[in-house]
Chemist: 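Sharing a structure here in C-alpha cells format.
The structure presented is a predicted model; accordingly, all values stated were derived computationally and were not measured.
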Amino acid sequence: MKNKLRLAFYLIKHNFITILKFEIFYKMFTALIFLPAFNLLFYSNLKSNNLFIITLDNLSSLVNPYMIIFILVYLSIITIIEINTLIVIFDMSFQNKKLSFLNLIKLSIKKIKNIFNYKSILIVLFVSLLLPFINLGISSCIVSSITIPYFIIDYVNLNINNIIFIIVILLLITIILLRYIYSFHYMILEENNFKISRIKSKKMINQSRIKDILLLLLSQLFIYIIYMISIGIIIFILYKISPDISYNSILMIILFILSLIILFNKVFICSIISSLFYAHKIVKNKTIMNIRYNSVFFSTLSKIIINFLIIISITGFGLVTYYSFELIDNNLIIDLEEEKKLEITAHRGASDKYPENTMLAFIGAKELGTDYIELDVRKTLDNQIVVIHDSNLKRTTGIDKKVSDLTYDEIKEFDAGSFFSEDFKDERIPLLKDVIKYAKENDLKMNIEIKSSDENKSVESEVISLIKDYKYQNRCFISSFNYNILENIKEIDSNIKTIFVTSEIDDINNYEDADAFSIKYSNITKDLVDLIHNNNKKIHAWTIKDEEELKQIIDLSVDNIITNSLDVTKDIRMPDIKHYDLSILNEYINIINKK
C-alpha cells in the first residue's frame with residue numbers, strides 16, 4: 001500500500017504546476033458556464049410558479065426533473081473531462097515526462113474524442129452514479145463545518161426511513177460500479193470502447209476489490225483529516241499570535257482551505273486510482289500502453305494569452321472564496337425558510353416595556369424573540385443620523401428643541417428614558433450606526449423609517465451609506481410614508497429594499513419602487529393580500545395592539561405584524577431559533593480557550 005501511495009504522490013508532484021494551472025482554469029471556466037445556466041433555469045422556474053419565496057413546501061415544485069437532470073448531466077460531463085485530463089497528466093508523470101499546459105490541452109482534446117461518441121450516455125450515467133463517492137471527502141468537510149439548519153434536520157427525521165433506504169441503495173450501486181473504476185484508463189490509454197473497458201476493469205479488480213475500495217475510502221478519509229488538522233493548526237497559531245482575531249477572519253481561512261480541498265479533491269482521488277491501475281498492471285506483468293506524446297512548440301503570444309487567462313482564473317478563485325464568506329456571514333442572503341413564517345416587528349423596539357427607539361428597547365426586543373426592529377431616523381445639525389421619531393425632542397427628553405437644530409454631541413447629553421419611567425433615567429438617543437451594528441451582531445432584521453420633513457432632506461443617501469458600511473443591506477428595509485423618498489432610494493441603489501407605509505392603498509401599480517407595503521391592519525383584506533403577493537411583494541400590518549386585533553389579521557396571511565407589545569405575539573413567535581453555525585470553528589476556539 002505504501003508503494004501505491006508513494007506512486008500516487010509522485011504522479012501529482014512530477015507535473016504539479018501543470019495540474020495547478022489546469023485545475024484553477026478548469027474550475028473557473030466550468031463555473032462560468034454552470035452558474036448562468038443554473039440561474040436562468042432556477043429563476044425561470046421560480047417565475048413560472050409565481051413564487052417569491054422558497055420554502056420546503058414549494059421546494060419540490062422548484063427542483064423539477066429537468067433541473068436535476070441538467071445538474072447531473074453537467075456535473076458528469078465536466079467530471080469526465082477532468083478525469084480524462086488528469087489521466088493524461090498522470091500517464092506523462094508515469095513516463096517521467098514533463099507536460100506543458102498548452103500541450104496538455106491539445107493532448108486532452110485528442111483523447112476525449114475517444115470517450116464522447118454516440119454511446120456517451122452510458123458513460124454519463126456511470127459517472128453520475130459515482131459522483132457521491134468521488135466527492136465523498138469534500139462532502140464530509142462541508143457537512144462537518146456547517147451545522148445543518150434545524151428545519152432540515154426535522155424534515156430528515158420525519159423521513160428517516162426513506163433516507164436510510166436511499167443511502168443503502170446508493171451504497172450498493174457504488175460498490176457495484178466501483179468494479180469499473182479503471183474503465184477510463186482503458187478507454188484513454190488503450191483506446192478501447194466503454195463496454196470492453198468495463199470488462200477489463202472488472203477482471204482487473206476482481207481479485208483485489210476489497211483492498212482497492214479500502215484504499216480509495218482511506219484516501220477520502222485522508223482528505224477529511226488534512227482539512228481538520230489544517231484548520232486546527234492555523235486557527236491555533238493565529239489565535240495565539242492575536243487573541244483578538246475576529247471570528248470572520250478565521251471563517252475566511254476555513255473557507256479558503258475548503259476551496260483548496262475542492263480544487264484538489266479529484267486530483268488526489270484520480271492519482272490513487274491511476275497508481276492502483278499501474279500497480280495491477282505491473283504485478284500481473286501486463287503491458288502498459290502509455291500515451292504517445294510529441295511536444296509541440298507554441299508561440300510566445302499563445303503562452304502569454306494562456307498565462308493571462310490563468311491569472312484571471314486565480315483571481316476568480318479568490319473572488320468565489322470571498323463570495324462564499326459573504327454568503328455565510330449573512331451579507332448575502334438566500335431566502336430559504338422552513339415555511340412562509342409570519343414575522344414579527346417590534347415597533348420602535350419593545351416600546352411597551354422600554355423607552356422607544358433606545359438601545360434598551362432594541363435589546364429588549366431581541367430578548368423577547370422579535371424578527372425585526374422598527375425605528376425612525378432623523379438628521380442632526382452636524383449630519384449625524386440619530387434614532388428618534390419626533391422632529392422635536394420635547395416629548396421624549398423634555399427639551400423643546402428640534403433635532404435638526406442641534407449637534408449629536410448636544411443631543412447625546414439628553415435623558416431619553418425618564419419620560420417612560422424613572423427606572424430608565426439617563427438612557428440616551430442612539431446613533432443609527434450603533435443600532436445597525438447591534439442588529440448585525442444579533443441577527444436582527446431592520447425596518448428603518450425615514451421621516452418626511454424639510455429638515456430631513458437628503459437623509460436617504462446617508463442611511464444607505466451606513467447600511468452598506470456594515471454590509472447589512474440584505475437584512476434591512478427602508479420605509480416611509482412619503483413615496484418620493486422611496487423613489488430617491490431606488491435611484492441611489494435599486495437593490496435596497498423599500499416599504500411604502502400607508503393607512504390604505506388604492507392601486508399598487510402606482511408604487512413600483514416599493515418592495516413591500518406596510519398598511520394599517522384594519523384596512524387589510526384577503527383580496528389585497530393576494531394582490532400584493534401575486535405581484536411578488538410583501539405586506540406588513542401595523543400596529544397590532546392586542547389579541548383581538550391579532551386574531552383579525554392573522555388569518556389573512558400577511559407577511560409581517562408590527563406591534564408595540566411583543567407579548568401579544570408570543571404564541572406565534574418561534575421560541576428556539578437556530579442559526580447556521582460553523583461548528584468546527586466553535587469547537588477549535590473552545591479548545592484553545594480552555595487551554
Chemist: Test your reading of the model: is there a side-chain donor-acceptor pair from R428 to the backbone of D426, 3.5 Å cut-off?
Modeler: yes

Chemist: So, are E504 and K520 salt-bridged, with charged N and O less than 4.0 Å apart?
Modeler: no

Chemist: Are R395 and D390 ion-paired here, with the side-chain N under 4.0 Å from a carboxylate O?
Modeler: yes

Chemist: Assess, by modelled atom type and distance only, whether the side chains of N482 and S480 contain a donor and an acceptor separated by less than 3.5 Å.
Modeler: no

Chemist: Before giving the answer on salt bridge (charged side-chain N to carboxylate O under 4.0 Å, His left out), spell out for D423 and K425 the whole-Å C-alpha distance, their side-chain angles and the decisive distance to 0.1 Å.
Modeler: CA-CA 6 Å; D423 294 337; K425 184 180 179 181; over 6 Å; no

Chemist: Determine whether H533 and K538 satisfy the following criterion, side chain to side chain contact (heavy atoms under 4.5 Å, CB included), listing intermediate values before the conclusion.
Modeler: CA-CA 6 Å; H533 284 167; K538 293 189 177 184; 5.5 Å; no

Chemist: Side-chain contact, heavy-atom cut-off 4.5 Å: I544 with T569?
Modeler: no

Chemist: Which heavy-atom pair separates G364 from A350 by the least distance, and what is that distance?
Modeler: C-CB, 4.1 Å

Chemist: Kindly determine whether Y354 and F420 satisfy ring-ring contact (aromatic ring centres under 6.0 Å, His included), including the steps that lead there.
Modeler: CA-CA 7 Å; Y354 304 94; F420 186 85; 7.7 Å; no

Chemist: Report yes or no: does T525 contribute a side-chain atom to a donor-acceptor pair with the main-chain N or O of L528 at less than 3.5 Å?
Modeler: yes

Chemist: More than 12 heavy atoms of other residues, nucleotides or ligands under 6.0 Å from NZ of K490: yes or no?
Modeler: yes

Chemist: Is there any ring-ring contact (aromatic ring centres under 6.0 Å, His included) pair reaching into residues 373-417, and which pairs are they, with sequence neighbours excluded?
Modeler: none

Chemist: Is K526 salt-bridged to D555, cutoff N-O under 4.0 Å?
Modeler: no

Chemist: Find the distance between SG (C476) and CD1 (I436) and round it off to the nearest 0.5 Å.
Modeler: 5.5 Å

Chemist: Do T407 and D382 get their side chains close enough for a donor-acceptor pair, meaning under 3.5 Å?
Modeler: no

Chemist: What is the minimum heavy-atom distance between I508 and I505, and which atoms define it?
Modeler: CG2-CD1, 3.6 Å

Chemist: Of all the heavy-atom pairs spanning A361 and P355, show the shortest one and how long it is.
Modeler: CB-O, 3.4 Å

Chemist: Out of the candidates E547, E548, E549, only one should pair with K545 under the side-chain hydrogen bond (donor to acceptor under 3.5 Å, both in side chains) rule; please name it.
Modeler: E549

Chemist: First locate atom NZ of K353, then atom CG of L360, and finally report the distance between them rounded to the nearest 0.5 Å.
Modeler: 13.5 Å

Chemist: One pair to check against side chain to side chain contact (heavy atoms under 4.5 Å, CB included): I467 and I448. What are the steps and the verdict?
Modeler: CA-CA 10 Å; I467 292 171; I448 303 171; 3.9 Å; yes

Chemist: Could you walk me through whether N447 and H540 pass the side chain to side chain donor-acceptor pair (under 3.5 Å) test, one step at a time?
Modeler: CA-CA 11 Å; N447 177 345; H540 298 212; 4.6 Å; no

Chemist: Below 4.5 Å, heavy atoms only, C-beta onward: do L381 and D405 meet side chain to side chain?
Modeler: no

Chemist: What I'd like to find out is whether the side chain of T380 reaches to under 4.5 Å of the side chain of L406, using heavy atoms alone.
Modeler: no

Chemist: Are the aromatic ring centres of Y438 and F362 under 6.0 angstrom apart?
Modeler: no

Chemist: Compare all side-chain heavy atoms of E343 with those of Y372 and state whether any distance is below 4.5 angstrom.
Modeler: yes

Chemist: Shortest non-hydrogen contact from N523 to S503?
Modeler: ND2-O, 2.8 Å

Chemist: Measuring from E413:CD to I429:CD1, what's the distance to the nearest 0.5 Å?
Modeler: 11.5 Å

Chemist: Sub-3.5 Å donor-acceptor pair from the side chain of D443 to the main-chain atoms of A439, do we have one?
Modeler: no

Chemist: Do the side chain of T370 and the main chain of K366 share a donor and acceptor less than 3.5 angstrom apart?
Modeler: no

Chemist: Mind listing the closest non-hydrogen atom pair of I344 and N560 along with its distance?
Modeler: C-OD1, 4.0 Å

Chemist: Rounded to the nearest 0.5 Å, how far apart are CG of D371 and CG of D559?
Modeler: 12.0 Å

Chemist: What's the separation between atom CD in E374 and atom CD1 in I562, rounded to the nearest 0.5 Å?
Modeler: 6.5 Å

Chemist: Are L431 and Q384 packed together at the side-chain level, in the sense that at least one heavy-atom pair is separated by less than 4.5 angstrom?
Modeler: yes

Chemist: Between the side chains of K401 and E410, is the shortest nitrogen-to-carboxylate-oxygen separation below 4.0 Å, so that they form an ion pair?
Modeler: no

Chemist: May I ask you to say whether K433 pairs ionically with D469, meaning some side-chain N is under 4.0 Å from a carboxylate O?
Modeler: no

Chemist: What heavy-atom pair brings I373 and T345 nearest, and what distance separates the two atoms?
Modeler: C-CG2, 4.3 Å

Chemist: Taking the side chain as C-beta and beyond, is there a heavy-atom pair between T498 and I485 under 4.5 Å?
Modeler: no

Chemist: Rounded to the nearest 0.5 Å, what's the gap from CG on L531 to NZ on K537? Could you check?
Modeler: 10.5 Å

Chemist: Hey, are K451 and D376 close enough for a salt bridge, meaning a charged N less than 4.0 Å from a carboxylate O?
Modeler: yes

Chemist: Give the C-alpha distance, both sets of side-chain angles, the deciding distance and a yes or no for side chain to side chain contact (heavy atoms under 4.5 Å, CB included) between Y511 and D506.
Modeler: CA-CA 10 Å; Y511 306 99; D506 44 11; 3.4 Å; yes

